[in-house]
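Below you'll find the structure, written out as structure tokens, and then a few comments.
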Amino acid sequence: MRLKRISVMLLAAAAAAALTACGQGKESQEKETGSKTEVKSDDVLSVMTWDDNQAKGLQKILDDFTEETGIKAETGVVKWDEYWTMLDAGARGGTLPDVFWMHSNEAERYMTNGLLLDLTDEIESSDKIDLANYPEDIVELYNNDNKQYAVPKDVDTIALWYNKKMFDEAGVAYPTAEWTWDDVFEAAKKLTKEDGSQYGLAMRNDNNQAGYYNMIYDNNGYIISEDKKKLGWDDRKTVEAMEMLESWIRAGVMPSLETMSENGEDVLFQSGKIAMTFQGSWMLAYFKENEYTAENCDCVELPRNAETGKRVSIYNGLGWAAAANGEHTEEAWKLIEYLGSKEAQLKQAELGVTMSAYKGTSDAWANSADFNLKAYLNMMDDMVIRPYSKTTVAWENKANEILKEVYAGNKTMADACAEIAEFMNQSLAEE
């Protein structure tokens with residue numbers, strides 16, 4: 001058995017080629033002792049993620065794993081937009097990373113195509129992993145035909161971030177847990193400057209989980225039914241919620257789509273260009289390390305719907321998965337088992353990497369920075385799993401494109417929702 005080391009640069013080359021395998025670097029010599037493989041000091045398990053801000057904390061946890069097992073593991077980070085291209089290239093070439101993140105958008109495709117290692121038997125015999133210790137919805141994201149293909153890594157909720165300095169200068173009271181979406185809009189108008197140097201808030205056309213999905217479910221609308229048979233984009237309550245977003249666009253309290261496309265909401269927030277933004281708990285590492293946000297900003301629970309009184313948080317969770325055809329699946333499972341353990345999940349929370357999926361460990365995360373992170377824990381009181389189906393990527397991408405026309409003033413939100421519904425109907429029918 002040979003334990004390979006996959007470099008990010010070689011993976012990038014594979015993605016560029018699109019059909020070629022990931023390159024393989026220095027190969028180690030192996031020693032077989034009965035059925036066991038002795039892992040030498042220069043052998044490294046490749047662990048692929050897409051969030052550079054989590055990498056430092058995750059590497060500390062991997063180092064703990066190495067100390068405990070003698071198996072070295074190293075993180076490689078590829079940006080989200082390139083991550084799936086690289087995984088696809090690795091899948092075609094038979095050289096996926098040893099361990100990697102899986103997301104609800106792509107899980108169905110990878111599970112049904114036999115690309116992920118079936119962890120069912122290992123989980124059943126493990127004394128560290130009991131799936132009852134994780135949110136059921138997240139466990140189900142990575143289960144297909146009663147087989148488990150990933151162990152939950154984290155859970156995420158959404159909160160409202162605001163710039164205290166801007167609020168103070170405008171004489172506007174800070175947001176509270178009692179705010180409604182109407183309160184956000186009224187404050188945004190007061191915080192927007194006519195010269196375009198500052199806007200009240202920002203919500204991009206593709207910000208669904210952290211943005212308008214929450215507004216839709218607060219209003220008793222929906223994106224897709226639980227059985228994945230019925231869409232909700234043409235539901236009256238969904239359209240109503242999206243028309244609230246349309247009113248914000250028309251009122252000019254947000255930067256232009258062009259500006260938001262060039263600079264994400266987080267970048268605009270960190271540079272003092274917007275007063276409010278809706279962000280997931282996974283953004284803590286970004287805001288904690290940024291000098292401006294650390295000094296001037298804080299977060300609070302999402303607003304409520306004024307009529308329904310609901311305050312929903314769309315939530316999701318990543319999973320730790322391994323390649324089905326990997327050369328060292330035994331070692332990969334040992335790492336996944338460790339990463340999903342209470343010990344590692346608690347350390348992930350304590351380091352402020354992100355909220356952990358293991359129940360009862362995220363209180364430590366809330367104490368990992370000088371922000372009101374309890375707001376994220378409070379949002380767990382009413383959570384809705386991020387809408388998904390077998391063709392999530394297709395219909396989400398289409399929705400993003402259609403919504404651009406609303407932002408540009410070329411289409412009404414009602415017409416856009418109808419168009420998204422038509423496309424989504426076709427996607428669901430093909431599933």
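Defined by atom type and a distance below 3.5 Å, a donor-acceptor pair is present between the side-chain atoms of Asn133 and Tyr358. Asp63 and Gln59 form a side-chain donor-acceptor contact under 3.5 Å, judged by distance and modelled atom types alone. Under 3.5 Å, the side chains of Lys153 and Gln348 contain a donor-acceptor pair of N or O atoms. Of the N and O atoms on the side chains of Arg386 and Asn105, at least one donor lies less than 3.5 Å from an acceptor on the other residue. Side-chain contact check for Asp156 and Tyr376: no donor-acceptor pair (N or O, by modelled atom type) lies under 3.5 Å. For the residue pair Asn219/Asn305, the side-chain donor-acceptor check at 3.5 Å is satisfied.
The side chain to side chain contact (heavy atoms under 4.5 Å, CB included) test with Glu106 singles out one residue from Trp84, Tyr388, Tyr83, and that residue is Trp84. A side chain to side chain contact (heavy atoms under 4.5 Å, CB included) with Gln279 is found for one member of Phe269, Phe287, Tyr286 and no other, namely Phe287.
More than 12 heavy atoms of other residues, nucleotides or ligands sit less than 6.0 Å from atom NZ of Lys189. For Asn410, the CG atom counts as densely surrounded, since its 6.0 Å shell holds more than 12 non-hydrogen atoms of other residues, nucleotides or ligands. At most 12 heavy atoms of other shown residues, nucleotides or ligands fall within 6.0 angstrom of atom NZ in Lys342. Around the NZ atom of Lys390, the shell of radius 6.0 Å holds no more than 12 heavy atoms that belong to other residues, nucleotides or ligands.
In this structure, Trp333 has its ring center no closer than 6.0 Å to that of His328. In this structure, Tyr142 has its ring center at least 6.0 angstrom away from the ring center of Tyr149.
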